[in-house]
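Accompanying notes for the structure given below.
All residue numbers refer to positions in the sequence shown, counting from 1.
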Amino acid sequence: IIVVFIMCIVMTVYRSLEYINYAREIGGIMNCFETYITVINNGWFGIIMFILTLLLFMDAPFIDNNSLYVVSRIGRYRWCVGKILYIFIAAIIFNGVILLTAILSSVAYSFPGNIWSETFLGVVNGDAVSKGFDVTFYNTEIVQFLSPAGTAFMSALLMVLLDCMVGMLLYLLNLVN
């Protein structure tokens with residue numbers, strides 16, 4: 001678990017630096033939520049976070065030598081509910097670490113407020129890719145409809161649901177076996 005969270009932090013900082021360097025090159029400032037949005041929008045980041053999620057939940061339902069004793073004391077139903085709650089809480093903490101790391105890595109270059117910056121609008125228009133940066137965001141409808149904080153928290157919620165789905169799938173597969 002510790003290695004998974006360290007890898008999560010390292011990958012988030014690494015992907016955040018791409019957006020921060022782009023903002024520095026064009027001389028713009030940014031909203032700290034935009035960094036998170038560009039970080040999780042990267043395909044390689046998504047693949048690596050999926051692998052880290054698999055590593056985090058690969059031994060669910062976490063059966064050890066004491067499990068039979070615990071099940072006999074509290075019952076199967078409570079034991080299963082406890083394991084499912086663990087998956088939900090771990091997914092929230094895991095994605096909270098990604099969100100917090102992305103925000104903290106870019107807070108020195110950010111402005112207060114909840115509006116889209118010119119830097120992010122350059123990313124949406126493809127200016128970052130034309131300058132050689134691996135920063136993309138294609139959904140212009142979200143930019144027009146939601147604020148950066150709203151988009152970031154909606155994205156975080158979707159990431160938590162994805163991680164919970166993966167955790168529950170691994171839980172069920174391991175429980176059957």
Side-chain angles (χ1 to χ4, degrees), residues 1-58 87 90-170:
I1 293 174
I2 294 169
V3 171
V4 167
F5 278 97
I6 290 172
M7 284 297 301
C8 171
I9 291 169
V10 167
M11 285 305 301
T12 305
V13 170
Y14 175 73
R15 292 302 314 157
S16 296
L17 289 177
E18 188 79 16
Y19 185 66
I20 293 167
N21 290 336
Y22 168 68
R24 277 191 209 153
E25 182 177 299
I26 66 169
I29 58 173
M30 60 195 161
N31 189 313
C32 59
F33 293 112
E34 295 170 353
T35 307
Y36 174 74
I37 295 165
T38 57
V39 164
I40 66 167
N41 193 47
N42 183 274
W44 286 107
F45 182 82
I47 291 169
I48 291 171
M49 288 303 120
F50 182 74
I51 292 170
L52 291 177
T53 302
L54 287 176
L55 288 174
L56 187 63
F57 298 125
M58 73 180 175
I87 291 172
I92 290 169
I93 291 171
F94 184 65
N95 287 290
V97 166
I98 296 171
L99 178 64
L100 190 64
T101 304
I103 288 173
L104 289 178
S105 65
S106 65
V107 76
Y109 308 101
S110 300
F111 63 86
N114 196 16
I115 58 171
W116 296 105
S117 69
E118 292 296 323
T119 305
F120 190 75
L121 295 177
V123 169
V124 171
N125 295 331
D127 184 45
V129 174
S130 67
K131 292 187 180 204
F133 290 93
D134 186 21
V135 182
T136 57
F137 187 82
Y138 297 112
N139 199 339
T140 56
E141 290 83 17
I142 287 179
V143 174
Q144 296 167 357
F145 183 68
L146 291 173
S147 65
T151 304
F153 288 118
M154 182 181 69
S155 301
L157 178 65
L158 291 173
M159 292 288 288
V160 166
L161 291 175
L162 177 68
D163 288 348
C164 287
M165 183 185 73
V166 169
M168 290 302 298
L169 182 62
L170 288 171

Compare every heavy atom of [Y] with every heavy atom of [X], then report the nearest pair and how far apart it is.
X      : Y      : answer
Val135 : Glu18  : CG2-CG, 3.4 Å
Leu52  : Cys8   : CD1-N, 3.8 Å
Thr12  : Ala102 : CG2-N, 3.6 Å
Ala91  : Asp163 : CB-CB, 3.8 Å

Report yes if the side chains of [X] and [Y] come closer than 4.5 Å at any heavy-atom pair, otherwise no.
X      : Y      : value
Thr151 : Tyr36  : no
Leu99  : Met159 : no
Asp127 : Ile26  : yes
Phe137 : Glu34  : no

So, taking the atom named [atom1] in [X] and the one named [atom2] in [Y], what distance separates them when rounded to the nearest 0.5 Å?
X      : Y      : atom1 : atom2 : answer
Asn31  : Ser110 : CG    : OG    : 6.5 Å
Phe33  : Ser106 : CZ    : OG    : 9.5 Å
Leu170 : Met165 : CG    : CE    : 10.0 Å
Ile98  : Ser16  : CD1   : OG    : 10.5 Å
Ile37  : Met30  : CD1   : CE    : 12.0 Å
Leu100 : Ile93  : CG    : CD1   : 12.5 Å

Requested in this report: Can you spot which of Thr35, Val39, Val10, Ile9 makes a side chain to side chain contact (heavy atoms under 4.5 Å, CB included) with Thr101?
Outcome: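 Considering Thr35, Val39, Val10, Ile9, a side chain to side chain contact (heavy atoms under 4.5 Å, CB included) with Thr101 is found only for Ile9.
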Report task. Assess whether side-chain contact (heavy atoms from CB on, under 4.5 Å) is satisfied between Phe57 and Leu169, documenting all intermediate values. Result -> CA-CA 9 Å; Phe57 298 125; Leu169 182 62; over 6 Å; no
What do you reckon, is [atom1] of [X] surrounded by more than 12 foreign heavy atoms closer than 6.0 Å?
X      : atom1 : answer
Tyr14  : OH    : no
Glu118 : CD    : no
Phe5   : CZ    : yes
Ile47  : CD1   : yes

Query - Residue list, ring-ring contact (aromatic ring centres under 6.0 Å, His included) with Phe45, at least two apart or on another chain - result: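 Per chain and number, Phe45 pairs via ring-ring contact (aromatic ring centres under 6.0 Å, His included) with no residue.
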Requested in this report: Show the numbers, then the answer: is there a side-chain contact (heavy atoms from CB on, under 4.5 Å) between Ser117 and Leu121?
Outcome: CA-CA 6 Å; Ser117 69; Leu121 295 177; over 6 Å; no
Query raised in the report: Between Ser147 and Asn114, is any side-chain donor less than 3.5 angstrom from a side-chain acceptor?
Result: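 Yes, side-chain donor-acceptor contact under 3.5 Å.
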Query raised in the report: Are Tyr19 and Phe133 close enough that their ring centers fall under 6.0 Å?
Result: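 For Tyr19 and Phe133, the ring centres are not under 6.0 Å apart.
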**Report entry** Aromatic ring pairing Phe120/Trp116, orientation class (parallel under 30°, perpendicular over 60°, tilted between)
**Finding:**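 Plane angle under 30°, so parallel.
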Requested in this report: Before giving the answer on side-chain contact (heavy atoms from CB on, under 4.5 Å), spell out for Tyr109 and Ile29 the whole-Å C-alpha distance, their side-chain angles and the decisive distance to 0.1 Å.
Outcome: CA-CA 6 Å; Tyr109 308 101; Ile29 58 173; over 6 Å; no
